[in-house]
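Here the structure comes first, spelled out in structure tokens, and everything after it is commentary.
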Amino acid sequence: LNKVGFEWGRCNQPWDKSYEDLVSFVKEFGHARIPLKFPLNPSLGEWVNTQRHTYKNYLKGDTS
């Protein structure tokens with residue numbers, strides 16, 4: 001992979017950015033109950049919703 005120019009560690013950048021946005025939200029508002037349609041960052045509410053859904057499925061044994 002190194003020979004073909006594979007960039008290591010870049011696959012999680014969008015996730016990491018959303019996580020940083022979540023941390024900033026919690027610091028500012030004191031909670032992580034982001035509205036699904038949060039006007040200041042619309043994609044953050046959707047991302048948190050997806051993370052919660054994925055985690056609930058994980059707890060049920062769905063690892064996909």
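All residue numbers refer to positions in the sequence shown, counting from 1. Because only heavy atoms are used, hydrogens play no part in the values below, and waters and symmetry mates are left out as well, while side chains stay in. All of these numbers come straight from a predicted model, not from anything done at the bench.
Residues in residues 23-36 take part in no side-chain hydrogen bond (donor to acceptor under 3.5 Å, both in side chains) pair, two or more places apart or across chains.
Under the side-chain contact (heavy atoms from CB on, under 4.5 Å) criterion, His53 pairs with Asn57, not counting sequence neighbours. Under the rule for a ring-ring contact (aromatic ring centres under 6.0 Å, His included), Tyr58 has no partner lying at least two apart in sequence or in another chain.
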For residues 39-47, please give each side-chain donor-acceptor pair under 3.5 Å, one per line with the distance, not counting sequence neighbours.
residue, atom, partner, partner atom, Å
Asn41, OD1, Ser43, OG, 3.1
Asn41, OD1, Leu44, N, 3.3
Asn41, ND2, Asp21, OD2, 3.2

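Minimum interatomic distance between Ala32 and Val48 (heavy atoms only, all atoms of both residues): O-CG1, 4.5 Å.
Within a 6.0 Å radius of CZ in Phe29, more than 12 heavy atoms belonging to other residues, nucleotides or ligands are found.
Atom-to-atom distance recorded for Tyr19:OH and Gln51:CD is 11.0 Å, nearest 0.5 angstrom.
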